Structure formats: C-alpha cells, structure tokens
There are 2 protein chains.
Amino acid sequence: MNTDRLNRLDAWQLVQGLARRELRAEDLMRACLDRVAEREGEVHAFAHLDPPTALAQARALDAGALQGPLHGLPLGVKDLLDTAELPTGYGSPLYAGHRPAADAAAVALCREAGAVVAGKTVTTEFAYFHPGPTANPHHTGHTPGGSSSGSAAAVADRMLPLALGTQTAGSIIRPAAYCGVVGYKPSWGRVSRAGVKSLSETLDTVGGFGRSVRDVALLGAVLLGDARLAGVAHEPGGQAPRIGMCRTPQWAQADADTQAAWSVAAAALSPQAADLAEVALPDGLGDLIELQKQVMAFETARALSHERVHHRDRLSERLRALLDEGLAMAGADHTARLIRRAQARHSVGALFDRWDVLLAPSATGEAPAGLGATGDPVFCRTWTLLGLPCVHLPFARGRLGLPVGLQLIGRWGHDHQLLAAAHWVHQRLLG
Amino acid sequence: MNTDRLNRLDAWQLVQGLARRELRAEDLMRACLDRVAEREGEVHAFAHLDPPTALAQARALDAGALQGPLHGLPLGVKDLLDTAELPTGYGSPLYAGHRPAADAAAVALCREAGAVVAGKTVTTEFAYFHPGPTANPHHTGHTPGGSSSGSAAAVADRMLPLALGTQTAGSIIRPAAYCGVVGYKPSWGRVSRAGVKSLSETLDTVGGFGRSVRDVALLGAVLLGDARLAGVAHEPGGQAPRIGMCRTPQWAQADADTQAAWSVAAAALSPQAADLAEVALPDGLGDLIELQKQVMAFETARALSHERVHHRDRLSERLRALLDEGLAMAGADHTARLIRRAQARHSVGALFDRWDVLLAPSATGEAPAGLGATGDPVFCRTWTLLGLPCVHLPFARGRLGLPVGLQLIGRWGHDHQLLAAAHWVHQRLLG
C-alpha cells in the first residue's frame, strides 16, 4: 500500500490494509499527524492532541492481535464525549483541562474495535451555537458548521479518516454538508450516550463522519452493535431504493446551489430508482421546526442546570438566552409537545410504507462566510425531532466552489436499509 | 413547630414550616443527622456523609432569601448521581473517591429549589444487582431492595424526608415497597439524566422517595419542571379516579401478603372509585418481562463499555454475566425489540382511554431475608419497559410485620393525573 496516498483513502480501504497487515497503524497515524501538523494552524480542528500517546497505541496494535473492525484506524472524537486519557472540555472554558474518569461508551466501543483516538476535535460551547476556532478547510474564511465543527473539518481536510460527532438540532448533517464529507446520525435511542455531555434528553444522538457511506456504516456497525451495517456497500445487487424527494416546508430557504443540487439529484436518480417522486410531509406538520426548538430549550435548560446555576457568567450570551427561554417554559406544555411529537413520528413513519428513504436538503446552501456563527440547522431540526436516521451525501459544488449535497432520511431503526440506500444513491450522484 | 417531631413529619409539612421561617433548616438538618448518627451503624444507608458542609449550607439558607419549593429540605442523593461537593462512587470500587466536575441535573435542580444534599445514599453496583451494605430498617436481616437501597432505607428510617433514586428495572418501586415508603418513577424521558451513570439508554429513569404522595409530587414538580405537581394533594374535590386492577401475567408470583393487600385495596377502593374492575393486559404481551431483560442487557453492555473493557476483573460476577449476555446479542434483534416495545406502548396506552390509572403489585411480597440479594423486580419490569409513570403506595404489613403495598401506574406524560390519583387512593388505603 502506497503510504503517500494514505490520507486520501477512505476508512474502508484503510481497514482492509490494516487487517491484512499490509499497512501499519503507526504509519497511518503518522501520516494523519503529519497532515495535522501541516494544516492545523489554518483549520484549528482540534481541542487537544497527544501525538506520542496516539503513536504508541498504534504501535501496540501493530505488535498485537487484530482487535476488531476498526483495527488501527485513527479516530477523531468530538470534545463533547468523555475521554479518560485526553482532556475533555465540552467547548466551554468552564471545563478547561477537565479529566473524565472514563471514556464515553461510543469511544470505548470504537477503541475496543481497534480504533486509536488521534485527538479531541473542536465542539461549539456545549454543542450549542457559540463557535470554536475551527475554519472550513475549503475556505478558511467560512464556517465549518457546528456543533461537530472539528470532526467534520478534520475528515474533510484529510487529517483523519473517521470522527465521532453528536446531533441535537443539525450538528452532524450541517457540518458534513459545509465541509463536504459524509455524515451519519443514527436512529435516536440506538447508540449509548453514556459519557456524552447532555444537552437535550430526547434529542441528543451520537454519530459520525467519514469520506464515504461505507466508512460511516463501518462506524455505525460498532456504535449500534449491528455487524450488518459494515457490509452495506457490498450487498449483492445493491437494490435500487424507492426515493421520496421531500423539499420540506422550509424549501424557500434553500438557495440556488441547493436547488441546483436538487435538480441534479432528481435527474441522476430518477432513471434508476425503483420509484422516485416528490413527496410532502403529512398535513399539519408545518410547525415541527418550532417544536424542535422548544423541546431543545426546555431540556437544555434542565441538563445544564449545574452550569446555569453556578457559572452563568461564564456561559455565552446565546446559550444564556436559550437557558432562560427554556427555564421559563411550563412543564405541562413540554409534555404536550412530546406527545405531539409522538403523533408526528407516527404519521411521518407511515411515509416509509411507500418510500424506502426520503431525500431532502441538508443545509440552505454553501457554508456561510465568517467564523462567528455556524450556520442554520433549519433543514435538520425536523428529522432530529422525529428521531429518524439521516446520512448527508456530498456531491456538488456551489457558486463559491464550496461543497453542497443532500441528505437521505430513513425509517426509525432501519439504519441498515438507510445506509444501503445511501451507498446506492451516492454512487449514482458521484457519477 | 415542635422539633422533636421533625423526623416524623413529611416533606410537605416541613417545607411549610421552612417557608414560613417557623422551622430553621439548620435545626431540621441537625435532627436528620442526629437520627443518622443513631441508626447508621445498623442501617448503612449512606455511601458518603459530610455533616459540617450540610449544616453550613442549611445555615446559609436560614440566613438568606427563600430559594424555592424545597427550601431547607435535607435530601438524600443516590450515589449513582454525580455530586460536585461529595464523592460519587456508583456503588463500585472502581469509582471509590471519584469526584465529578458537576452536579447531576436532578441534583442541581433540587439544590436550586432550596434542597440541601445531606449525603450520598448506597446504590447497588452501577445500579444492577450486586448489593451494597444497606439493611432494611424494619428488620436489619432483610434486604431494603435495590438498586436505590440507601435512599429508600434513609427515608423509611426517618433519617431524611426525601431522597433521589433511579429505576431501570424496579430500582425505585421495589425498595419503596420493601422499606414501606412512597416511591415515584416519572414518565420515561421527562427528567434529565445528565450526570447520572448510565446503565440502559432507553430505560433509566430518575425519581425519588418520600413519606407521602404529596412529598414525591413536590419532588416531581422540581424534577419535571411542572409546578402543577406540587398541588396534587390539594386540588378541589380530589376527584375519584377510574381504577383498573391489573394482576399482570406474573400474578402467580405474588405471595399471600401481596394477595391480601390486593383484596384489602379492592374492598377499600371499590365503593368510592369512579369505576373499578379487574383489567388484563392486551393479548400477546406475556413476554414483556423477557423483553425488558433483553433490552437492558444489550444496552448496559454498551453503556458500561469502558468498565467492561478496562476493569472487567473488578466487576461483580453477576454484572459480568449481564454484560457478556448483552454483548453477544445481535443489534438487529435489539432494534426489533425496540420496535416491538413501541407497539406494546401503543396497545397498553389504549387502556388509559378507559382507566385513569392501573393498580398492580409492586413486589412479590415482603422484603426477602438476607443482604446478599435485593429481591426480584418482576412486577416492575413491564411498566419500566413501557416508560409509564409509577407510584408505590405502602399501606399494609405482611406476616413478618414488614411493609407491603401496591403500585399505581399512569398514562405516559400524565404524571400529574397519576399523582393526584395516587394521593386519593393512598388516603383511602390508609383509612
């Protein structure tokens, strides 16, 4: 295996070489750290790095038995997830230098499968909107998106093949879109959140980023404990899915680049899909965006109670505003919103009797200019609220040359089918 | 207020006196700590105590403004919940002396409402079955139940008026039954689990213990952020509920004491309830107990990955067996189980169109003899699996003179109605 190309290969190719011992984990880690050394001064993807430890762990894997499906793979970990060996700051000065007692479950599962934590990646403050220093590697004057800013940027910039993130509103799909990588948010409730700093009890979801659908499927196999996922790119036939194209009630916010990607996708997929048509959300669901915002505000105001009560002055103004808003909400109204969500889940779920997957915008357009904000998760809030699995597929460029793509959404619990369909669709979109 | 009686009053009465400044928080805390000093050598309810800090915080409340609905109330905190000022051991030698960076959300909310953490109470190992040292205060040769052993025992033994617990299988309702206190498990998903050591992603629920329904309702008002709950005992009329008496498919495991309590309850409630009849679970739900066990095994094996991978030899044999069992399960089967549970929630939910609450056994009988095991959660697993709110009501004694009672179960999200019905029912059962 030609090590010059290591930073361009996807995780799937790398683990083949690692498993056959044609590629040494140490060499791969060194190639990644070299790329980090070269680019980090511009991209600022990392909250913490410990190259000697990462190299030592990679060397130990080279010397020992094969560990599992991620053997020897360098992994970025969003700094919202606890790590016992690296500081965990949750994107807040409150937790500078914080040392958790244990790895988050998602981290421990990846390490058990053979991954090596290469570093902690930048998150916005407690995964809300106040940005970290990360820049979009395609244009460092533009945001990488948030809250999983560093993970998306590190994968996009070929610093790392794979990285963990979390989504509460649009924190995986949006940065994946802005950075031009594949992002995967699993079905809500399927991945343990043990050791993840909690924002929203009924929304937070652990997922991740890769260069290809098969990469995030490999990660998903480990996180969900479902080995089938690792094989989604290699199933016989690669059955053509039935695709419902859902502009969503927020379509007016999709700019010319997203609209162009939409047309390109329709033209590319229509001839080959088992079925493809425009589909609307059931009537009466126009307010799901607002519902997601309200659920998130109520829950975050409770989850961050310790910080809200004892360290209010060290929280960003925008986070304080969210906490104040959530704290003022009546519990009875929150319960009513959760019941309304359950009804919406039921009615949207019925769409999947007719369609295997929905195709929808991931973001309004290219990554916005400036690092003071992380963009709008408007096209993600509905699907996160409903707990549905989502995969972002990058395949186009916008007017500024920045990445543009679309997301596929699956039925709850059908992550396997979603990822298989995403692989099929992505192959065709990439032509 | 006569301070000799402080340890016998319920939290509701105490907060009235505290709010009117007729009772000093320091005096109340001292009365509690005196009782702890007298009894702890036999009961072993506490994992950690820091009397000087608790007294200092109580004094500060006496000197300052009224904080909220729990102003000045001593609170026990199950040692599965993080506390920044007291060590948090999760019932495992692995975490002896562990110091979390922040209070769990439930703890921070109670402290914000004016509660003073009086101590950390004993939990079984990671809230699974391996017991701590706690004894049943009614008979120290018998188990207090688990996993919230210390919280139930401390409230039962009049060491504390109120305590936090968690339930994944039967860890609030069962110890409440064995110790003869009121236990409340809220609707799943309504209370933030931030800072609670995670066992089972889709089952763990934070709740608590008190001497009366109005006590746990007061706690619930703070935890759920729903002020209506605090008033459940004082609503005009105290409307008579429609009560479905559900023996459950596990009825054969209810012993003579539980069966006697069942008959007493039927006779006491039947004349006054708006409606009362025996009700069966919908057909095809006979396996929910097994389903709960499987969901818990799969999820716990992931949540405790760090401990499972790095510290296996310091876990109890029973916990290791659970983790091994869960790790061997296929992810596809787990997803199928969660889908089946969603269907069961739907069909059981329909019972609440006809009945306001269900009455069901809490435990097989009195607390079993011996401290080597914590009893069987068989009568709790179904309701925890379904995510329904539950309240245990103590009202009888068994053949050995130990407490016996029954639980009321409500519709998801209807914690307010459940607690109001529980108050109504408890008044009638206590005659």
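Quick note: numbers below take in every heavy atom, side chains included, and nothing from hydrogens, waters or symmetry partners. In what follows, every chain begins at residue 1, and chains take the letters A, B, ... in the order their sequences are listed. Source: prediction; values computed, not measured.
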If you tally heavy-atom pairs under 4.5 Å against chain A, which of [options] wins?
| options | result |
| --- | --- |
| B/Val309, B/Leu223, B/Val107, B/Asp226 | B/Asp226 |
| B/His334, B/His310, B/His98 | B/His334 |
| B/Gly225, B/Pro100, B/Ala227 | B/Gly225 |
| B/Leu338, B/Thr202, B/Leu199 | B/Leu338 |

With chain B, which of [options] has the greatest number of heavy-atom pairs at distances under 4.5 Å?
| options | result |
| --- | --- |
| A/Glu112, A/Arg228, A/Glu299, A/His311 | A/Glu112 |
| A/Ala105, A/Gly413, A/Ala102, A/Ala342 | A/Ala102 |
| A/His346, A/Met329, A/Arg308, A/Arg111 | A/Arg308 |
| A/Ala332, A/Ala336, A/Ala108 | A/Ala332 |

Do the non-hydrogen side-chain atoms of [X] and [Y] ever get within less than 4.5 Å of each other?
| X | Y | result |
| --- | --- | --- |
| A/Glu307 | B/Asp103 | no |
| B/Arg411 | A/Ile339 | no |
| A/Arg302 | B/Leu109 | yes |

Discussion item. If you compare all heavy atoms of A/Leu224 against all heavy atoms of B/Phe298, which two are closest, and at what distance to 0.1 Å?
Written reply: O-CZ, 3.5 Å
Considering only heavy atoms, which portion of [X] lies under 4.5 Å from any heavy atom of chain B: side chain, backbone, both, or neither?
| X | answer |
| --- | --- |
| A/Leu327 | side chain |
| A/Ala330 | backbone |
| A/Ala84 | side chain |

Item to complete: Any salt bridge (Lys or Arg N to Asp or Glu O under 4.0 Å) involving residues 90-100 of chain B? Give me the pairs, sequence neighbours left out, ordered by first then second residue.
Response: none
Worksheet, complete the sentence: Expected contact set for residues 184-198 of chain A against chain B at heavy-atom separation under 4.5 Å reads A/Trp188, A/Gly189, A/Arg190, A/Val191, A/Ser192, A/Arg193, A/Ala194, A/Ser198
